[in-house]
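Okay, so here's the structure we're looking at.
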2 protein chains.
Amino acid sequence: MGKERVDTGAGNGASLHHSVLDALGLEITAGTLAPGHGLTLDGIQERFGVSRTVARETMRLLESMGLVVSRRRVGITVQPPGSWHVYEPRVIWWRLAGPGRDTQLRSLTELRIAVEPLAAAAAAREATTQQRERLVELAAEMRDLGESGRLEPFMDLDIEMHSLLLRASGNEMFVALTDVVAAVLRGRTQLGLMPHRPVPEALDLHDEVARAVAAGEHEAAETAMRRLLAEVRDAMAPIRPRRH
Amino acid sequence: MGKERVDTGAGNGASLHHSVLDALGLEITAGTLAPGHGLTLDGIQERFGVSRTVARETMRLLESMGLVVSRRRVGITVQPPGSWHVYEPRVIWWRLAGPGRDTQLRSLTELRIAVEPLAAAAAAREATTQQRERLVELAAEMRDLGESGRLEPFMDLDIEMHSLLLRASGNEMFVALTDVVAAVLRGRTQLGLMPHRPVPEALDLHDEVARAVAAGEHEAAETAMRRLLAEVRDAMAPIRPRRH
DNA sequence: CTCACTGAAAGGTGTTACCAATGGTGGGGA
DNA sequence: TCCCCACCATTGGTAACACCTTTCAGTGAG
């Protein structure tokens with residue numbers, strides 16, 4: 001059976017267990033490795049051509065994300081989605097890369113709808129002067145790019161603005177969602193859920209949010225953000241998989 | 001300094017690295033090990049009397065939570081709070097156990113205020129018949145216990161009701177916050193932030209939420225939950241550390 | 001035929017020793 | 001003074017081993 005190193009991706013800076021971790025994480029979150037499926041350390045060693053140490057470390061990481069449990073004699077068992085740590089950045093990443101993509105995108109969007117309005121309100125209270133200035137600046141730039149239909153740079157600004165709002169909220173739990181929101185916005189564009197040209201309402205609402213936050217009007221900021229996200233949710237509705 | 005095994009808790013089912021992980025996690029989140037502080041595997045081995053393997057595995061775990069980074073030749077460096085994975089259950093647990101307790105409680109409460117109203121609305125749409133029935137049942141029981149001033153079992157029901165709502169929402173991101181909400185409610189009671197006898201308004205609002213969800217009136221459920229949480233936030237205000 | 005005991009095997013847990021890679025530090029030369 | 005290079009501390013990775021828990025099959029008694 002020989003050694004036959006698989007060498008996933010020529011070890012491009014990725015520290016060995018990282019590649020193994022990625023491979024297994026993807027397979028489990030994609031459902032290729034169904035819940036209840038059993039793994040063994042020996043199996044992992046053989047399959048990826050790594051040492052026991054590496055196999056054990058990746059297994060520990062998977063376990064700490066709730067993707068597997070490890071028990072003596074019985075081995076490593078794949079866990080059902082309900083016990084996955086869905087806020088773990090890598091889990092989110094894997095799910096967005098796999099077949100669960102639009103389900104994940106939908107539940108994350110619902111999370112955004114919950115969090116971002118309050119984050120905007122908090123930002124209106126807590127943001128620094130520089131942050132407020134940057135916000136209105138961003139909204140203006142977004143209008144320019146949006147009206148000229150340049151989707152990629154528009155998305156970058158969109159990400160920057162929402163990230164800035166979360167950061168400015170001063171709540172660490174909100175700040176920690178920065179990457180999630182960025183991933184959602186990127187995924188949404190990649191999935192073609194954006195119109196060719198951002199709708200004028202969205203541009204207006206971004207403006208409104210920025211100005212409200214800058215002016216410290218937290219209620220206005222909250223409702224504007226709520227309307228903005230309602231817009232986003234409606235734009236997403238077309239790909240509903242369940243009842244129409 | 002010698003060997004001096006620390007033996008945190010006589011290995012009661014905890015698999016060795018778990019005790020080391022807990023000890024280090026607590027120290028880092030508590031700030032005892034300040035950001036920038038350097039650790040080495042040898043140091044961990046010596047201090048806890050464990051083998052290199054165990055030291056390495058715990059270090060990987062800490063790294064995957066963003067508490068440290070590990071680089072060759074440099075060693076293991078404690079990271080600042082900004083890079084911690086604050087949705088990681090163990091990180092939340094450690095912070096609630098340490099001096100950052102009320103800061104953590106406050107930011108988590110703000111998260112609840114964002115999420116739970118939408119979760120209630122979703123529950124009003126998605127809950128099963130059994131879940132709806134259980135909700136009104138719980139609200140009734142809470143009223144009984146609340147009016148008789150039995151705080152501990154009241155808290156248990158409170159936790160059960162909010163957990164049920166999150167679960168019934170059908171959104172995995174909301175469901176995953178079940179433990180967080182439970183921890184907040186428990187922490188709030190332990191910290192003495194609850195009045196001796198739950199205020200009548202709170203009891204009424206729990207009732208209202210339950211009935212609205214049971215009836216499928218998602219807007220009513222959302223606003224009732226919002227008012228309930230406003231109540232909670234106000235009860236929490238007294239211990240504000242910053243500007244009043 | 002069923003149930004309880006027993007023993008072996010499977011597979012994670014923990015330890016040790018060793019070599020490879022890497023990047024900071026300090027010394028030496030221009 | 002400044003730059004380059006060699007050294008070495010420290011993690012990354014491999015290998016081989018002892019140990020302990022848990023499962024499971026086989027066996028014997030009732």
Side-chain angles (χ1 to χ4, degrees), chain A residues 1-24 28 33 36-79, chain B residues 1-24 28 33 36-79:
Chain A
M1 48 198 78
K3 269 305 154 84
E4 191 190 341
R5 314 245 154 159
V6 171
D7 203 340
T8 47
N12 40 333
S15 57
L16 217 5
H17 41 255
H18 191 286
S19 42
V20 181
L21 183 66
D22 250 19
L24 289 175
I28 294 174
L33 257 50
H37 186 96
L39 297 168
T40 69
L41 287 178
D42 289 314
I44 296 173
Q45 289 185 68
E46 292 256 329
R47 176 170 165 205
F48 295 95
V50 296
S51 72
R52 196 166 188 78
T53 307
V54 172
R56 284 177 58 167
E57 281 174 4
T58 62
M59 190 273 298
R60 280 266 184 278
L61 291 183
L62 287 173
E63 190 174 35
S64 90
M65 302 181 209
L67 298 199
V68 303
V69 293
S70 167
R71 289 198 336 179
R72 277 191 158 137
R73 158 74 203 193
V74 67
I76 300 154
T77 313
V78 176
Q79 294 299 105
Chain B
M1 37 196 85
K3 269 303 156 82
E4 191 189 342
R5 315 243 158 164
V6 171
D7 203 340
T8 46
N12 41 329
S15 57
L16 215 7
H17 39 254
H18 192 287
S19 43
V20 180
L21 183 67
D22 250 19
L24 289 175
I28 294 174
L33 255 51
H37 186 96
L39 297 168
T40 71
L41 288 178
D42 284 317
I44 296 172
Q45 289 185 67
E46 293 255 326
R47 177 172 164 203
F48 295 96
V50 295
S51 73
R52 193 170 187 79
T53 308
V54 172
R56 282 178 58 166
E57 280 175 5
T58 62
M59 190 275 298
R60 280 267 187 282
L61 269 308
L62 288 174
E63 190 174 34
S64 90
M65 302 181 206
L67 299 199
V68 303
V69 294
S70 167
R71 292 200 331 178
R72 275 187 164 140
R73 160 76 203 199
V74 168
I76 301 154
T77 313
V78 176
Q79 294 300 106

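Every chain is numbered from 1 and lettered A, B, ... according to where its sequence line falls, protein lines coming before strand lines. Heavy atoms only: backbone and side chains are in, while hydrogens, waters and symmetry mates are out.
Among all heavy-atom pairs drawn from A:Q79 and A:G66, the shortest one is CB-O, 3.5 Å. Scanning all heavy atoms of the two residues, the minimum distance from A:L61 to B:S64 falls at CD2-CB, 3.7 Å. Taking all atoms of both residues into account, the shortest heavy-atom contact from A:I44 to A:A55 is CG2-CB, 3.9 Å. Between A:S70 and A:M59, the shortest heavy-atom contact is CB-SD, 3.5 Å.
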Measure all distances between protein nitrogen or oxygen atoms and nitrogen or oxygen atoms of nucleotides 17-24 of chain D, and list the pairs falling under 3.5 Å.
unit_1, atom_1, unit_2, atom_2, d
D:dT23, OP1, A:R71, NH2, 3.0

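With sequence neighbours left out, B:R52 forms a side chain to side chain contact (heavy atoms under 4.5 Å, CB included) with B:L41, B:D42, B:Q45, B:R56. In this structure A:H17 satisfies the side chain to side chain contact (heavy atoms under 4.5 Å, CB included) test together with A:S15, A:V54, A:E57, A:T58, B:R60, sequence neighbours excluded.
Distance check, rounded to the nearest 0.5 Å: CG of A:L33 to CG of A:L67 gives 10.5 Å. The distance from the CZ atom of B:R47 to the CG atom of B:L24 is 6.0 Å, given to the nearest 0.5 Å.
Per the geometry, CD belonging to A:Q45 stands 9 Å off P belonging to D:dA15, to the nearest Å. The interatomic distance linking A:L41 (CG) with D:dA15 (P) rounds to 15 Å, in whole Å. Between A:D42 atom CG and C:dA9 atom C1' the separation is 14 Å, expressed in whole Å. Whole-Å rounding puts the B:F48 CZ to C:dT15 C1' distance at 18 Å. Look at NE2 on A:H18: it is 17 Å from C1' on D:dT11, rounded to the nearest Å.
If you check every strand for non-hydrogen atoms under 4.0 Å, A:I44 touches nothing.
Across residues 54-69 of chain A, A:V54 each have a non-hydrogen atom less than 4.0 Å from an atom of DNA chain D (numbered order).
Taking 4.0 angstrom as the limit, B:S51 places a side-chain polar atom (N or O) nearer than this to OP1 or OP2 of C:dT15. The phosphate of D:dG13 (OP1 or OP2) has a side-chain N or O of A:H17 nearer than 4.0 angstrom. In this model, the phosphate group of C:dT13 is approached by a side-chain N or O of A:S70 to a distance below 4.0 Å at OP1 or OP2.
Judged as a salt bridge (Lys or Arg N to Asp or Glu O under 4.0 Å), not a single pair has a partner in residues 67-79 of chain B (not counting sequence neighbours).
A 4.5 Å side-chain heavy-atom check between A:V69 and A:I76 finds every atom pair outside the cut-off. Inter-residue side-chain proximity for B:T77 and B:V68 is flagged as unmet; no heavy-atom pair is nearer than 4.5 Å.
Overall, the helix from C:dC1-D:dG30 to C:dA30-D:dT1 carries an axis bend of 10° between its ends, with five pairs at each end and the value rounded to 10°.
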